[in-house]
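Worksheet for the structure shown next.
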Amino acid sequence: MSQLLSLVVPCYNEEATIEIFYNEILKYEKQIDADLEFCFIDDGSRDKTLSILRQLHAKDERVHYISFSRNFGKEAGLYAGLSMAKGDYVATMDVDLQDPPSLLPKMWRMLHTEGEEIDCIATRRDTRTGEPVLRSFFAKLFYKFINAISKTNIVDGARDFRMMSRQMVDAVVADREYNRFSKGIFSWVGFHTVWLSYDNIERSAGETKWSFWNLFRYSIEGILAYTVVPLYAASVLGIIMCVLSFLALAFIFIRSCIWGNNVAGWSSLVCIITFLGGIMMLSLGIIGLYLSKIYLETKKRQIYIVREQK
Ligand code: UDP
Ligand code: MG
């Protein structure tokens with residue numbers, strides 16, 4: 001009996017791309033020595049995405065889908081897809097063909113190379129052609145920063161396009177955190193991962209759903225989820241400020257003992273007070289961010305809500 005490969009595909013307002021994607025997969029199907037299963041996730045789309053998925057399901061019984069009650073975000077979509085996938089192997093990919101289906105046969109073969117124990121083939125983009133310059137710049141900066149302060153390695157240019165063994169999928173699904181950052185979770189669960197690189201490809205149709213602000217929030221999410229170094233940094237900064245101000249106090253005390261008191265220097269005083277105020281606000285802000293994550297996590301909210309499933 002041949003093995004089953006599930007394709008997990010989150011879709012948000014993707015009426016323009018779903019059929020292109022489906023037909024593209026059919027082209028490469030024969031090169032993969034497995035049965036296929038499609039797991040589409042309609043992430044609360046407001047266009048014809050759901051009705052296209054219904055049509056595909058009616059036409060091809062290998063097509064399954066979950067439709068969310070509202071937009072829950074790509075992370076929730078990936079989680080829902082991984083939970084519903086039944087395959088011995090599962091591949092996660094975007095519907096806009098930025099994750100080329102032509103790589104699937106190669107990934108499948110790599111996972112089945114005899115003698116090598118590989119659990120996951122992950123992909124990364126070598127180039128960021130076609131992306132706004134400023135966006136690439138900040139993306140690079142983010143990866144440098146997070147890898148400098150976090151123990152979980154987050155690979156620059158890593159896509160959410162990967163093929164995993166059942167064992168690894170089960171580990172990812174068992175991690176039921178609410179504030180999800182998949183790039184971190186995939187790395188955190190471990191297992192043997194091999195990286196494949198390819199050139200950036202622009203979307204087949206439709207538009208990207210990520211604004212610059214969304215990406216910024218996503219980066220903060222990644223930092224908060226995978227490292228508490230900012231909290232340490234705030235404490236260390238506090239200690240340094242205490243030592244400095246103690247030294248300054250000693251200096252002022254000795255100076256006024258020798259030369260008497262004088263009122264000069266109020267402007268520097270104001271500077272110091274505002275500086276300290278700023279540092280305190282910053283530290284409080286950092287603590288607040290972590291606190292908000294704990295708050296959301298303890299609510300144990302559902303990661304997604306299903307409206308229709310086939
Ligand atoms: N997506 C989703 N929910 C969202 C936003 C995006 O399921 O709230 C899906 C989208 O349909 C696509 C994938 O996530 O399949 C990647 O989105 P997009 O192509 O807009 O992002 P980019 O490739 O520009 O990073
Ligand atoms: Mg895309």
Side-chain angles (χ1 to χ4, degrees), residues 6-25 38-53 56 63-85 90-101 103-104 123-136 138-140 142-143 154-162 178-183 186 198-219 221-222 303-309:
S6 308
L7 302 178
V8 166
V9 195
C11 311
Y12 178 47
N13 294 341
E14 297 282 6
E15 58 181 8
T17 55
I18 293 178
E19 276 163 318
I20 305 178
F21 172 84
Y22 176 77
N23 291 326
E24 191 69 16
I25 294 287
F38 293 86
C39 304
F40 288 103
I41 298 92
D42 163 34
D43 188 8
S45 305
R46 279 181 299 270
D47 64 357
K48 295 204 202 69
T49 298
L50 181 56
S51 59
I52 294 174
L53 291 179
L56 278 182
V63 174
H64 300 277
Y65 64 85
I66 287 186
S67 178
F68 287 174
S69 61
R70 64 168 169 86
N71 180 246
F72 278 87
K74 186 183 174 186
E75 292 292 336
L78 282 176
Y79 185 76
L82 290 176
S83 311
M84 83 189 272
V90 180
T92 54
M93 55 200 307
D94 289 358
V95 71
D96 57 10
L97 296 184
Q98 280 188 304
D99 300 332
L103 279 182
L104 287 173
T123 61
R124 55 181 297 186
R125 295 182 297 177
D126 267 345
T127 52
R128 287 179 175 270
T129 41
E131 201 182 60
V133 184
L134 207 64
R135 190 159 149 175
S136 307
F138 280 109
K140 287 227 172 70
F142 163 71
Y143 285 109
I154 316 270
V155 176
D156 181 10
R159 303 273 313 165
D160 289 331
F161 179 29
R162 43 172 80 221
Y178 178 74
N179 298 285
R180 300 188 78 77
F181 185 71
S182 289
K183 287 183 177 42
F186 289 140
Y198 63 90
D199 285 341
N200 192 31
I201 301 168
E202 294 188 36
R203 59 167 25 267
S204 58
E207 271 170 16
T208 174
K209 276 101 209 160
W210 291 90
S211 65
F212 190 80
W213 175 239
N214 278 341
L215 283 172
F216 178 72
R217 283 196 2 213
Y218 186 65
S219 337
E221 209 64 35
I303 298 172
Y304 60 88
I305 296 171
V306 178
R307 191 168 160 273
E308 187 180 321
Q309 181 166 10

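All residue numbers refer to positions in the sequence shown, counting from 1. This structure is a prediction, so every number in the text was calculated from the model and none was measured. One-based numbering, in listed order, for ligands and for the atoms of each.
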- Could you please provide the protein residues found below 4.0 Å of ligand 1 on a heavy-atom basis, arranged by chain and number? P10, C11, Y12, E14, D43, N71, G73, K74, D94, V95, D96, Q98, R203, T208, K209, W210
- Is atom CZ of R217 surrounded by more than 12 heavy atoms (other residues, nucleotides or ligands) closer than 6.0 Å? no
- Task: Apply ring-ring contact (aromatic ring centres under 6.0 Å, His included) to F212 and F138, showing your working.
- Result: CA-CA 10 Å; F212 190 80; F138 280 109; 5.5 Å; yes
- Does D96 bring an N, O or S atom to under 2.8 Å of the Mg ion (ligand 2)? yes
- For the residue pair S182 and E75, confirm or rule out a side-chain donor-acceptor distance under 3.5 Å. yes
- Query: Would you say the side chains of Y12 and R46 form a donor-acceptor pair under 3.5 Å?
  - Reply: yes
- Answer yes if the ring centres of Y65 and F38 are under 6.0 angstrom apart, and no otherwise. no
- Among D43, D96, D160, find the one that has a salt bridge (Lys or Arg N to Asp or Glu O under 4.0 Å) with K74. D160
